[in-house]
Amino acid sequence: MSRNQHSRKTRFAKRSLGQNFLVDDGIIHRIVDSAGDLSEKLVLEIGPGRGALTDLLVERSGQYRAIELDTILAEKLKSRFEGIEKVEIFEADVLEADLEKILAPSEGIEGAVIVANLPYNISSAVIERLAEVSEMFAEAILMLQSEVVDRLAAPPGNSSRGFLTVLTEYVFEAKRLFSVTPNCFRPRPKVQSAVASLRPIGRSRDDDFPRLRNLVSVAFRQKRKTILNNLKGFSGVHDPVPLLEAAGIDTKLRPEALTIEEWIKLAKVIGADSSAGE
Ligand code: SAM
């Protein structure tokens, strides 16, 4: 592609839709290879854009579906794959789409895998949405901002740990796969990127989940404070000390030090004590 063609295409990328298109063939192959054998799987691609990953995904998958919000790009993809039965392109917002329906595989297809170079402005919201439908797929391979991947995979004690880490850990095993430099995209993003794998671990979101979500959200509001001090702001908790003691958690710890098991225990103890956090 000539320089002029490149810059014309770059100019038409919509920033509001997080459009940074992949142009590096090596990275495109690495992402699709990370998804493993797709021949009997349904692949859902979120934000296929100009189709950088799409040809390979269509070629390798048993069934392919995509959700693209940009009308022009969705229309182009629809005409490009017209007549190919296993391909369906949905023009929709992934945050509002009926994912349960879109992830339901046709007969003869063995489960679903999600692949996406996500728009970074909505990546946390997409991960939360994917957590809600985690029983519908086996793995998500996601290109994210490198910093977000660090946060998702941050172990207890790591300062990158936060609300999104704990929520992700409740539902997924998160792994950083590899880094991707801005040069691999047009236009180039201002941040470093990385590809992550999220594999649902089969923990069901029971009745305590909404309380856990609220608790973690409140507890990480001021990361430098202790868990004890942060819990003082949690609705319905009058004295956090006995609750933390009952959950076996040191009151002087910062929220980032707690393991997922400790968060689950704490949410249960608080729930048993009152209707706090509801
Ligand atoms: N997959 C392409 C690639 O790798 O070159 C494009 C990736 S680009 C980072 C993100 C894509 O997501 C764009 O095509 C954008 O239009 C689309 N998008 C943005 N917001 C979306 C939303 N809410 N729902 C579905 N697609 C969205």
Side-chain angles (χ1 to χ4, degrees), residues 1 5-35 38 43-61 64-81 87-103 113-133 137 140-149 177-197:
M1 194 184 288
Q5 276 171 310
H6 249 320
S7 60
R8 211 177 315 134
K9 286 203 156 193
T10 298
R11 233 182 300 140
F12 289 126
K14 293 177 188 139
R15 245 216 220 169
S16 60
L17 293 183
Q19 291 182 348
N20 297 95
F21 300 106
L22 270 170
V23 293
D24 185 298
D25 231 28
I27 292 292
I28 289 168
H29 273 83
R30 238 176 131 184
I31 292 172
V32 178
D33 288 349
S34 305
L38 298 170
V43 170
L44 169 62
E45 185 179 5
I46 301 169
R50 293 182 184 145
L53 297 161
T54 310
D55 287 326
L56 263 188
L57 289 173
V58 168
E59 187 187 311
R60 294 191 187 175
S61 61
Y64 172 92
R65 290 179 183 149
I67 304 174
E68 172 57 62
L69 183 56
D70 186 314
T71 306
I72 296 171
L73 297 181
E75 287 306 320
K76 279 193 178 156
L77 284 170
K78 277 183 199 170
S79 44
R80 184 156 136 200
F81 293 102
V87 176
E88 280 177 280
I89 313 288
F90 298 87
E91 184 198 327
D93 180 340
V94 65
L95 298 176
E96 285 169 16
D98 185 348
L99 289 186
E100 281 87 350
K101 204 161 149 198
I102 296 175
L103 281 166
V113 168
I114 296 172
V115 179
N117 169 15
L118 284 180
Y120 293 167
N121 51 344
I122 58 163
S123 60
S124 301
V126 172
I127 292 168
E128 274 217 61
R129 180 71 188 107
L130 295 185
E132 286 168 9
V133 293
F137 63 93
I141 304 288
L142 306 178
M143 172 90 75
L144 298 159
Q145 204 173 318
S146 181
E147 222 183 272
V148 174
V149 175
L177 298 183
F178 52 89
S179 305
V180 182
T181 63
N183 277 340
C184 300
F185 305 83
R186 293 291 180 278
R188 293 179 186 87
K190 290 200 176 76
V191 293
Q192 296 289 325
S193 303
V195 174
S197 150

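When a ligand or atom number is given, it counts from 1 through the structure's own listing order. Since we're looking at a predicted model, the values are computed, not measured. Residues take their numbers from the sequence shown, with the count starting at 1.
Considering both main-chain and side-chain atoms, D70 never comes within under 3.5 Å of ligand 1 through any nitrogen or oxygen pair. For ligand 1, the polar-atom distance check finds an N/O of N117 within less than 3.5 Å of one of the ligand's N/O atoms. Any N or O atom pair closer than 3.5 Å counts here, and N20 shares no such pair with ligand 1. Checked against a 3.5 angstrom limit, the closest N/O atoms of V94 and ligand 1 fall inside it.
When hydrogens are left out, the protein atom nearest atom 20 (N) of ligand 1 is P119 CG, 3.6 Å; that is the closest non-hydrogen contact. If you check which protein heavy atom lies closest to atom 5 (O) of ligand 1, you get L22 N, 2.8 Å. The single protein non-hydrogen atom nearest to atom 14 (O) of ligand 1 is E68 OE1, 2.8 Å, given as residue, atom name and distance. The nearest heavy-atom contact from the protein to atom 19 (C) of ligand 1 is L17 O, 3.1 Å. The protein non-hydrogen atom at the shortest distance from atom 6 (C) of ligand 1 is G47 O, 3.3 Å. Given atom 2 (C) of ligand 1, the protein heavy atom at minimum distance is P48 O, 3.2 Å. The nearest protein atom to atom 23 (N) of ligand 1, hydrogens excluded, is given as D93 OD1, 2.9 Å; this is a heavy-atom distance. L69 N, 3.3 Å is the protein heavy atom nearest to atom 26 (N) of ligand 1.
Note: F81 and Y64 have tilted aromatic rings, judged against thresholds of 30 and 60 degrees for the angle between ring planes.
Residue contact check: Q19 has heavy atoms under 4.0 Å from atoms 13 (C), 15 (C), 16 (O) of ligand 1. With ligand atoms numbered from 1 in the order given, ligand 1 contributes 3 (C), 5 (O) to contacts under 4.0 Å with heavy atoms of A52. Remark: ligand 1 atoms within the under-4.0 Å shell around heavy atoms of A92 are 24 (N), 25 (C). Every atom of ligand 1 is numbered from 1 in the order shown, and the set under 4.0 Å from a heavy atom of E45 is 1 (N). For ligand 1, the atoms lying closer than 4.0 Å to a non-hydrogen atom of G18 are 8 (S), 9 (C), 10 (C). Every atom of ligand 1 with a heavy atom of G49 under 4.0 Å away is listed here by number and element: 6 (C), 14 (O). Those atoms of ligand 1 that come under 4.0 Å of a heavy atom in I67, given as number and element, are 25 (C), 26 (N).
When only modelled atom types and interatomic distance are considered, R188 and N183 share a side-chain donor-acceptor pair under 3.5 Å. When only modelled atom types and interatomic distance are considered, E45 and T54 share a side-chain donor-acceptor pair under 3.5 Å.
Two residues are said to be in side-chain contact when any heavy atoms from C-beta on lie closer than 4.5 Å; L99 and L130 meet this criterion. With a 4.5 Å cut-off on side-chain heavy atoms, V126 and V94 count as touching.
When non-hydrogen atoms are compared, ligand 1 lies under 4.0 Å from the side chain of I122 (C-beta onward) but not from its backbone.
A salt bridge links D33 with R60: at least one charged nitrogen is closer than 4.0 Å to a carboxylate oxygen.
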Check your understanding: L69 and E91: side chain to side chain contact (heavy atoms under 4.5 Å, CB included), yes or no, with the steps?
Key -> CA-CA 5 Å; L69 183 56; E91 184 198 327; over 6 Å; no
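The environment of K76 atom NZ is sparse: at most 12 non-hydrogen atoms of other residues, nucleotides or ligands sit within 6.0 angstrom. Around CD of E147, the count of heavy atoms belonging to other residues, nucleotides or ligands within 6.0 Å does not exceed 12. More than 12 heavy atoms of other residues, nucleotides or ligands sit less than 6.0 Å from atom CG of L95.
Remark: E88 CD to K78 NZ distance equals 10.5 Å, nearest 0.5 Å.
In terms of modelled atom types and a separation under 3.5 Å, the side chain of R186 and the main chain of V23 share no donor-acceptor contact.
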